[in-house]
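The structure appears right after this line, and notes come after that.
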Amino acid sequence: MQSTIVHTQTDTLVCDNGGFEDDFDYYFGQHANYNTGSNDCTPLSGSNPVSWNSTSLPSFRQLEIVSSGVDTLVGINRTKFGNKALLLNNRYRESGSLCTPGAGIDKIIKRFKVTEQNREFTVWFAAVLENPEGHTNSQPYFSIKCDRAPAFDLCFDASLVKCEGYYIDSICNFDSIIVVVDWTCHRIKLPKNMVDSIATLEIVVADCGQAAHFGYAYV
């Protein structure tokens, strides 16, 4: 049984644990619920910014580390390098109705001191998002943001991804086309004047804002 870990660390080098081989060292988790905001990955509850709540790590079907293997729904590898990866969110709901995702958002956070050696780095990810029809600004979405390099923010919701298909789950009858982004990398370049400052990296996956369709990703 994996024990729950409460972290108090604040700052570290970003490359200390990029592949989750050493568990959740220096990472922090948060969870929220939202209604709209998938177009620009800025979630809102009504007309207000969502309230984020801290999440213990690991958190069942929200923030978990998985081992090498194949995703049983869409057939992609669960890891890219090494034997471990972060599974951020899940196609199955963490509580309540198993096959009906909530309007949930899960976020992993890492703070680090910017150095000349780490001011350019790569985040590898694979994303799986249901693509429901008729959801305006309320699609499952994925984002990567670093507060010291906003020009390199990555944001997309399911409506923007063209790699779509129909997949059969062994437990649930999901009712939408599913889009898949197989392992790819996103490069972030922090400006030289950010060296010696503290940067915050945030990676987010959201279900749809109408509590009906899932989104999850491997990092």
Side-chain angles (χ1 to χ4, degrees), residues 2-12 14 16-20 22-66 84-96 101-113 121 123-129 137-150 152-158 186 188 198-211 213-219:
Q2 193 172 27
S3 60
T4 298
I5 302 169
V6 178
H7 296 280
T8 58
Q9 300 100 326
T10 54
D11 306 318
T12 185
V14 73
D16 279 354
N17 181 22
F20 297 95
D22 298 320
D23 200 58
F24 282 105
D25 285 353
Y26 303 106
Y27 286 94
F28 303 86
Q30 291 184 341
H31 179 81
N33 292 302
Y34 84 116
N35 304 121
T36 59
S38 69
N39 287 1
D40 58 5
C41 301
T42 303
L44 301 175
S45 179
S47 58
N48 300 312
V50 299
S51 297
W52 292 98
N53 297 304
S54 296
T55 304
S56 298
L57 300 175
S59 182
F60 180 62
R61 292 184 179 153
Q62 292 180 311
L63 294 148
E64 299 179 292
I65 293 175
V66 296
K84 303 290 183 181
L86 169 68
L87 175 55
L88 190 58
N89 213 329
N90 201 293
R91 68 180 181 269
Y92 302 128
R93 195 168 183 174
E94 68 273 13
S95 61
I105 316 169
D106 290 297
K107 178 195 294 187
I108 195 77
I109 303 165
K110 186 166 192 174
R111 285 166 48 85
F112 62 98
K113 185 174 182 179
F121 61 93
V123 178
W124 283 86
F125 69 92
V128 181
L129 311 172
N137 197 24
S138 186
Q139 292 267 358
Y141 73 82
F142 177 85
S143 74
I144 301 173
K145 296 183 179 182
C146 184
D147 63 346
R148 297 299 188 183
F152 292 89
D153 286 355
L154 174 68
C155 167
F156 61 86
D157 68 14
H186 177 63
I188 295 175
I198 302 300
T200 301
L201 176 69
E202 298 183 345
I203 305 174
V204 175
V205 180
D207 297 321
C208 85
Q210 298 185 26
H213 305 94
F214 66 74
Y216 65 94
Y218 299 97
V219 179

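Starting from 1, each residue takes its place in the sequence as its number. Everything numeric in this text was worked out from a predicted model, so none of it was measured.
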What closest approach, in Å, do Asp40 and Lys145 show between heavy atoms, and which atom pair accounts for it? O-NZ, 3.9 Å

What pair of heavy atoms forms the shortest contact from Leu88 to Ile203, and how long is it? CD2-O, 3.5 Å

Check whether Ser45 reaches the backbone of Tyr34 with its side chain - one donor and one acceptor, N or O, closer than 3.5 Å. no

Quick one: pull up CZ in Phe125 and CG in Leu86 and give me the separation to the nearest 0.5 Å. 13.5 Å

Calculate, to the nearest 0.5 Å, the distance between atoms CZ and CG belonging to Phe24 and Leu57 respectively. 5.0 Å

Test item: Asn137 side-chain N/O and Ser38 main-chain N/O as donor-acceptor pair under 3.5 Å: yes

Can you check ring-ring contact (aromatic ring centres under 6.0 Å, His included) on Phe156 and Phe142, steps first, answer last? CA-CA 6 Å; Phe156 61 86; Phe142 177 85; 5.6 Å; yes

Side-chain contact test, heavy atoms from C-beta onward, threshold under 4.5 Å: evaluate it for Gln210 versus Ser138 and give yes or no. yes

Just so I know, are the side chains of Ile65 and Leu87 near enough to count as touching, which here means a heavy-atom distance under 4.5 Å? no

In the structure I gave you, are the side-chain heavy atoms of Leu44 and Asn35 within less than 4.5 Å of one another anywhere? no

Between Phe214 and Asn90, is there a side-chain heavy-atom distance shorter than 4.5 Å? no

May I ask you to decide if Asp25's main-chain N or O and Asp23's side chain share a donor-acceptor pair within less than 3.5 Å? no

Who passes side chain to side chain contact (heavy atoms under 4.5 Å, CB included) against Asn89, sequence neighbours left out? Asp106, Val205, Asp207, Tyr216

Measure the spacing between SG of Cys41 and CG of Asp157 and express it to the nearest 0.5 Å. 7.0 Å

Counting only N and O atoms by type, is there a donor-acceptor contact under 3.5 Å from the side chain of Glu64 to the main-chain atoms of Arg61? yes

Looking only at non-hydrogen atoms, find the nearest pair between Cys146 and Ala199 and report the distance. SG-CB, 4.0 Å

Short question: side chain of His31, backbone of Gly104 - any donor-acceptor pair under 3.5 Å? no

Sequence neighbours excluded, the answer for side chain to side chain contact (heavy atoms under 4.5 Å, CB included) partners of Ile109 is Phe28, Gln30, Lys107, Thr200, Glu202

Contact between Ile188 and Leu154 at the side-chain level, heavy atoms closer than 4.5 Å - yes or no? no

Check Pro101 against Arg91 and note the closest heavy-atom contact, atom names and distance. CG-O, 4.1 Å

Taking the six-membered ring of Phe20, is the NZ or CZ of Lys84 close enough (under 6.0 Å from the centre) and on axis enough (within 45°)? no

Taking Phe152's backbone N and O only, do any of them form a donor-acceptor pair with His186's side chain (distance below 3.5 Å, no angle check)? yes

Do you know the tightest heavy-atom contact between Val50 and Ala32? CG2-CB, 3.8 Å

Quick one: are Tyr141 and Val204 in side-chain contact, heavy atoms under 4.5 Å? yes

Does the pair Ile105 and Asn33 meet the rule for a side-chain contact (heavy atoms from CB on, under 4.5 Å), with working shown? CA-CA 6 Å; Ile105 316 169; Asn33 292 302; over 6 Å; no

